[in-house]
Amino acid sequence: MLNAATDGLLAELHADVAGALGAQALERLRIARAVLGIFFTGVQLDNGVGGLCATPVKSVPEAVCCPSSALAMPVPGRIAGRSAAEVLQDLYRPQDLRRALAIATLNRPLKNPPPTPALAATI
């Protein structure tokens, strides 16, 4: 589980992405493909971009072997087609694998996002 500072950061990033895209655009954006692995989680959105997140392997006690780790994964076949807005609500849930999927979705919803002011100053 993440701490309050991390939760605050995720909420801030979520608000920034929602503000940049708009609520309707975020609702229209869909998960085209998701890969949940023992070490990484990846998402491809239907606009062609993708995002990654490290899978919190220590929070999955079943991760010592693949068959038992499957028990901690979301149900296959129910992720593709979900709206990005719906998946991003998992940022606020305690299940680490759901949060990893939401963070991967949050990482890159725009094809060419504008640089943040801090990053722009270094370019």
Side-chain angles (χ1 to χ4, degrees):
M1 175 125 357
L2 300 176
N3 62 39
T6 305
D7 287 343
L9 175 63
L10 289 173
E12 184 179 331
L13 291 170
H14 184 196
D16 287 348
V17 167
L21 286 176
Q24 290 179 339
L26 204 52
E27 188 61 45
R28 283 191 307 268
L29 237 132
R30 300 280 168 187
I31 304 293
R33 183 173 184 211
V35 178
L36 287 97
I38 301 265
F39 300 108
F40 78 94
T41 297
V43 170
Q44 181 184 18
L45 301 174
D46 63 358
N47 66 353
V49 300
L52 293 171
C53 178
T55 300
V57 69
K58 289 187 180 191
S59 69
V60 183
E62 303 86 2
V64 291
C65 75
C66 294
S68 62
S69 66
L71 297 173
M73 301 290 183
V75 178
R78 295 199 178 157
I79 298 171
R82 288 178 63 197
S83 75
E86 179 185 355
V87 172
L88 289 176
Q89 291 308 307
D90 287 340
L91 290 169
Y92 310 104
R93 293 198 171 88
Q95 297 91 353
D96 289 332
L97 291 175
R98 286 175 163 252
R99 286 177 75 133
L101 184 67
I103 291 168
T105 303
L106 182 67
N107 271 338
R108 189 73 196 268
L110 302 172
K111 282 191 176 187
N112 294 307
T116 61
L119 179 61
T122 64
I123 297 177

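Values below: all heavy atoms of this structure, side chains included; hydrogens, waters and symmetry mates excluded. Throughout, numbering of the chain's residues begins at 1 and tracks the sequence.
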So do [Y] and [X] actually touch side chain to side chain, heavy atoms under 4.5 Å?
| X | Y | result |
| --- | --- | --- |
| Y92 | L10 | no |
| V17 | L13 | no |
| L36 | T55 | no |

Nearest atoms (heavy-atom pairs only) where [X] meets [Y]:
| X | Y | result |
| --- | --- | --- |
| A32 | A80 | O-CB, 3.8 Å |
| R82 | E86 | NE-OE2, 3.3 Å |
| A100 | C53 | O-CB, 3.5 Å |
| N107 | G51 | CB-CA, 4.2 Å |
| I79 | L101 | CG2-CD2, 3.9 Å |
| R30 | S83 | NH1-N, 3.1 Å |

**OP:** Determine, using the 4.5 Å side-chain heavy-atom cutoff (strictly less than), whether L9 and L88 are members of one ILVMFWY cluster.
**Re:** yes
Original post:
For the hydrophobic clusters of this structure (ILVMFWY residues joined by side-chain heavy atoms under 4.5 Å, transitively), does one cluster hold both L45 and L52?
Top reply: no
**OP:** Could you tell me whether a side-chain N or O of D90 sits under 3.5 Å from a main-chain N or O of A102, the two making a donor and an acceptor?
**Re:** no
Subject >> Member of N47, T105, V87 meeting the side chain to side chain contact (heavy atoms under 4.5 Å, CB included) criterion with L29 >> reply: N47
Original post:
Roughly how far apart are R98 CZ and L91 CG, rounded to 0.5 Å?
Top reply: 12.0 Å
**OP:** Evaluate the side chain to side chain contact (heavy atoms under 4.5 Å, CB included) criterion for residues H14 and Q89: first the C-alpha distance (whole Å), next the side-chain angles of each, then the deciding distance (0.1 Å), finally the verdict.
**Re:** CA-CA 9 Å; H14 184 196; Q89 291 308 307; 3.7 Å; yes
